[in-house]
Amino acid sequence: MARIVVVTSGKGGVGKTTTSAAFGAGLARAGYRTVVVDFDVGLRNLDLIMGCERRVVYDFVNVINGEANLNQALIRDKRVDGLEILPASQTRDKDALTFEGVQSVLETLASTHDYVICDSPAGIERGAHLAMYFADDALVVTNPEVSSVRDSDRVLGLLSSKTRRAEQGDEPVKEHLVVTRYAAARVGKGEMLSIEDICEILSIDLLGVVPESTAVLNASNAGVPVIMEDKTDAGQAYDDIVSRYLGEARDHRFLTEKKGLFGRLFKG
Amino acid sequence: MAFLDYFRSEKKRSASLAKERLQVIVARERGNRGGPDYLPALQQEILQVIRRYIEVDDDAVRIEVDREGDCEVLELNVTLPDSD
Ligand SMILES: Nc1ncnc2c1ncn2[C@@H]1O[C@H](COP(=O)(O)OP(=O)(O)O)[C@@H](O)[C@H]1O
Ligand SMILES: [Mg+2]
């Protein structure tokens, strides 16, 4: 049986899809059979970020409606063995994902994979609810910014009450904090919430910190999960995140700015 | 470098202000969590009723639902202004 991991946040544009793609690719690279499922009905994007947009024929909703079987809809990644994606539907019907449909697709995926990664849409409506409902673990993606932190706290409340594990009284969903778009220089100047601030407010375990990085945009331009760009800061940060998730102890990096000569002169 | 320090402390305040505001709102929202959906509306209406008689602040009314065994207790706290 696979572990089902939801990548969620409440707020939009914080890095859920970037994280889902990188995390999924990292787990597959580590040898685990991994599938990344796009729950963002109407705003399919995971396919673009993972570079398989031209190979989409059938989607999640087609499978739920019985218009295609799961194997027809799954896209195998060409670079990483054992990595697959299930694209979202572009339908405008937000109710296209049914509870029973999602449950049956996730159960089938869970029986044939080691990890099922659910890329949640923004908000706390139906799509986000279904993406988290069956989860065993959650990556709560947060930016160092007031509205993102507040929304993450809302989402933590939902994870502990509106999920299958919560409703059945099982062991709670394991929550991991992933802080993205972290600009160490701005934290140093007191302009941006620090990691300590965010951890203190949300009080959950910190899985990792991804710096604000041009590597993310470059990777998305090319349709390559940023974790594949081994030489970049963001790629390395995601690699650390996957390793920590798998139980390896790794120090946090990219928390302080690399000071240039100018910075050193001024800060002493 | 008092001049530079001045700007630095201005900016220090920006992140710590964010943190303080977050701590307050998150604590309040956690308090409302898990309660029935009608709680916020109930809270507003009770506030309006009280205001027909006394002038009170926006946050004068606190409502919580406590579970004691199989019994739910609605706890209502009203803070009245200091009388002069
Ligand atoms: N660490 C980062 N550094 C710079 N830009 C980032 C980073 N993470 C995400 N982004 C950018 O933020 C935007 C939103 O990211 P995305 O993963 O689509 O968020 P979400 O799925 O939460 O809406 C994208 O333009 C992406 O390139
Ligand atoms: Mg997204």
Side-chain angles (χ1 to χ4, degrees), chain A residues 9-11 124-125 129 140 142-163 166-167 169 172 175 177 179 181-204 255-257 262-268, chain B residues 1-47 57-79:
Chain A
S9 70
K11 192 169 156 64
I124 51 173
E125 306 296 316
H129 172 65
V140 178
T142 307
N143 290 168
E145 177 263 319
V146 282
S147 55
S148 175
V149 176
R150 180 204 208 169
D151 288 358
S152 290
D153 194 68
R154 285 282 312 270
V155 161
L156 288 170
L158 297 174
L159 285 168
S160 61
S161 62
K162 298 281 194 288
T163 51
E167 286 177 3
E175 302 155 344
L177 177 62
V179 177
R181 313 204 67 162
Y182 190 73
R186 303 190 63 189
V187 174
K189 289 185 194 138
E191 295 171 357
M192 192 182 254
L193 289 164
S194 69
I195 295 299
E196 295 77 42
D197 294 342
I198 299 170
C199 288
E200 191 183 325
I201 291 163
L202 296 179
S203 54
I204 60 170
L255 295 187
T256 51
E257 78 189 287
F262 189 73
R264 256 180 263 142
L265 278 177
F266 270 84
K267 293 234 167 119
Chain B
M1 292 249 245
F3 177 71
L4 276 185
D5 282 349
Y6 171 77
F7 283 104
R8 205 166 286 153
S9 68
E10 271 298 289
K11 284 177 176 167
K12 260 268 163 336
R13 243 177 273 156
S14 166
S16 48
L17 181 61
K19 184 181 177 189
E20 278 167 34
R21 291 177 53 224
L22 269 171
Q23 280 170 323
V24 172
I25 189 68
V26 159
R28 186 192 306 167
E29 288 177 346
R30 279 178 195 164
N32 293 337
R33 216 171 263 170
D37 290 341
Y38 58 76
L39 272 194
L42 176 64
Q43 182 166 1
Q44 278 313 306
E45 283 185 46
I46 290 174
L47 184 66
D57 287 339
D58 287 341
D59 58 358
V61 176
R62 286 273 156 90
I63 293 190
E64 258 164 63
V65 178
D66 273 339
R67 202 153 290 144
E68 286 169 16
D70 50 3
C71 187
E72 283 195 335
V73 180
L74 187 70
E75 198 178 295
L76 184 64
N77 263 297
V78 185
T79 319

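Residue numbers start from 1 in every chain, and the chains themselves are labelled A, B, ... in the order their sequence lines are given, proteins ahead of strands.
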### Query
Counting heavy atoms not belonging to E167(A), are there more than 12 under 6.0 Å from its CD?
yes

### Query
Taking atom CD1 of I201(A) and atom CZ of R21(B), what is their separation to the nearest 0.5 Å?
11.0 Å

### Message
Can you tell me which portion of R186(A) sits under 4.5 Å from chain B's heavy atoms? Options are side chain, backbone, both or neither.
### Response
neither

### Task
Answer yes or no: is there a side-chain heavy-atom contact under 4.5 Å between L193(A) and L22(B)?
yes

